[in-house]
> 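First the structure, which I've put down as structure tokens, then a few questions once you've had a look.
Remember, predicted model here, so these are calculated numbers, not experimental data. For the numbers below, each heavy atom of this structure counts, side chains included, while hydrogens, waters and symmetry mates do not.
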2 protein chains.
Amino acid sequence: MKNRLKVLRAEHDLTQAQLAERLNVSRQTINAIEKGKFDPSLPLAFKAARLFKLSIEDIFQDEE
Amino acid sequence: MKNRLKVLRAEHDLTQAQLAERLNVSRQTINAIEKGKFDPSLPLAFKAARLFKLSIEDIFQDEE
DNA sequence: ACTAAAAGTAAAATAAACTTGACTTTAACT
DNA sequence: AGTTAAAGTCAAGTTTATTTTACTTTTAGT
């Protein structure tokens, strides 16, 4: 699962810590997701989509 | 998190077991998701979206 | 070069998703 | 009424997401 979080953060001028705070998760969770260590839960993906006003598919891309 | 799996199954004439098989999860997982016991993982949500040719948002709805 | 903020990483613990196996209930059919 | 497929449920176990704490590395500024 790839994602555009890093770019979206840059566009919105947010640090990992700030994004984490907005999404109510830990900074390490954001880092791990950006680094591809694991996938976010569906609720977290929805929160990110809502925050950036994008669809989940715009942010996260399946790689099958 | 609500979802339209039951209706989509009906539209496609699939049992929980058949849907489970198509998505490579157990029948109990489909049942639990339909019953709202837990949310699917993001990868599973993507698989369902691909199968039904819908967006994740079309199948699963956040309730915040 | 020094500093500070940000990012990266890792281990241990908890929570949530998912499996397996087994059993009960519901719906439909004959 | 008896049978069967599908749906519902539950407990115990495994895997994956997430937290917390803590430390290291990178980046940018002075």
> Check whether any side-chain N or O of B/Asn3 sits under 3.5 Å from a backbone N or O of B/Ile33 as a donor-acceptor pair, and report yes or no.
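Checking the backbone N and O of B/Ile33 against the side chain of B/Asn3, a donor-acceptor pair under 3.5 Å is found.
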> How many Å lie between CD on B/Gln18 and P on D/dA5, as a whole number?
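The answer, rounded to whole Å, is 13 Å.
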> Give the nucleotide from the list C/dA17, C/dT19, D/dT18 with an atom nearest to the side chain of B/Phe38.
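Looking only at heavy atoms from C-beta outward on B/Phe38, the closest nucleotide is C/dA17.
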> Among C/dA22, D/dA22, C/dT20, which is the nearest nucleotide to the side chain of A/Arg27?
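Nucleotide nearest to A/Arg27's side chain: D/dA22.
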> Hey, which of these two, B/Arg9 or B/Pro43, hits DNA chain D nearer its 5' end, going by closest nucleotide?
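Upstream on the strand: B/Arg9.
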> Work out which heavy atom in B/Glu57 is nearest to a heavy atom in A/Phe46; give both atom names and the distance.
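In this case the closest contact between B/Glu57 and A/Phe46 is CG-CE2, 4.0 Å.
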> Checking A/Gln18 side chain against A/Thr15 main chain: does a donor-acceptor pair fall under 3.5 Å?
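Judged by distance alone, yes, a pair lies under 3.5 Å.
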> Going through the distances and angles, do A/Arg50 and B/Asp62 end up as a salt bridge (Lys or Arg N to Asp or Glu O under 4.0 Å)?
CA-CA 10 Å; A/Arg50 237 183 304 136; B/Asp62 216 4; 2.6 Å; yes
> Take atom CG of B/Asn3 and atom C1' of C/dA17, then tell me their distance rounded to the nearest Å.
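In whole Å, C/dA17 C1' lies 15 Å from B/Asn3 CG.
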> Reckon B/Lys37 has a side-chain N or O less than 4.0 Å from the OP1 or OP2 of D/dT9?
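B/Lys37 to D/dT9 OP1/OP2: side-chain N or O found under 4.0 Å.
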> Counting heavy atoms from C-beta on, name the nucleotide in C/dA17, D/dT19, C/dG8 closest to the side chain of A/Val25.
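Of C/dA17, D/dT19, C/dG8, D/dT19 is nearest to the side chain of A/Val25.
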> Could you pick out which residue, B/Gln28 or B/Pro40, lies toward the 5' side of DNA chain C when each is mapped onto its nearest nucleotide?
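The 5'-side residue here is B/Pro40.
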> What is the distance, rounded to the nearest whole Å, between atom CD of B/Glu34 and atom C1' of D/dA6?
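Rounding to the nearest Å, CD of B/Glu34 and C1' of D/dA6 are 11 Å apart.
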> So which nucleotide from C/dC18, D/dT19, C/dT19 ends up closest to the side chain of B/Leu44?
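In terms of side-chain proximity for B/Leu44, the closest of C/dC18, D/dT19, C/dT19 is C/dC18.
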> CG/B/Leu51 to CG/B/Leu14 distance, rounded to the nearest 0.5 angstrom?
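Reported value, rounded in 0.5 Å steps: 7.0 Å.
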> Consider the side chain of A/Ser41, meaning its heavy atoms from C-beta on, and name the nucleotide among D/dT19, C/dT20, D/dA17 that approaches it most closely.
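Shortest atom-to-atom distance from the side chain points to D/dA17.
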> Over how many whole Å does the gap from B/Gln16 atom CD to D/dT9 atom P extend?
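After rounding, the gap between these two atoms is 10 Å.
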> Of the nucleotides D/dT18, D/dA7, C/dG8, which has the atom closest to the A/Ile33 side chain?
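Per side-chain heavy atoms of A/Ile33, the pick is D/dT18.
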> Using whole Å, what does the distance between atom P of nucleotide D/dA17 and atom CE of B/Met1 come to?
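Answer to the nearest Å: 15 Å.
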> Can you tell me the distance, in whole Å, between the CG atom of A/Leu5 and the P atom of D/dA17?
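Rounded to the whole Å, the gap is 14 Å.
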> The side chain of B/Thr29 is closest to which nucleotide in this list: D/dG8, D/dT19, C/dT19?
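The closest nucleotide is C/dT19.
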> Report the nucleotide, chosen from C/dA17, C/dA7, D/dA7, that has the shortest atom-to-atom distance to any side-chain atom of B/Thr15.
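Selected nucleotide (nearest to the side chain): D/dA7.
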> Find the distance B/Glu21:CD to C/dT20:P and express it as a whole number of Å.
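For the pair B/Glu21 CD and C/dT20 P, the rounded distance is 13 Å.
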> Of the listed nucleotides (C/dG8, D/dG8, D/dT19), which one gets closest to any side-chain atom of B/Asn31?
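Nearest to the side chain of B/Asn31 among the choices is D/dG8.
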> In this structure, how many angstroms lie between the P atom of C/dG8 and the CD1 atom of A/Ile30, rounded?
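So the CD1-P distance, A/Ile30 to C/dG8, works out to 12 Å.
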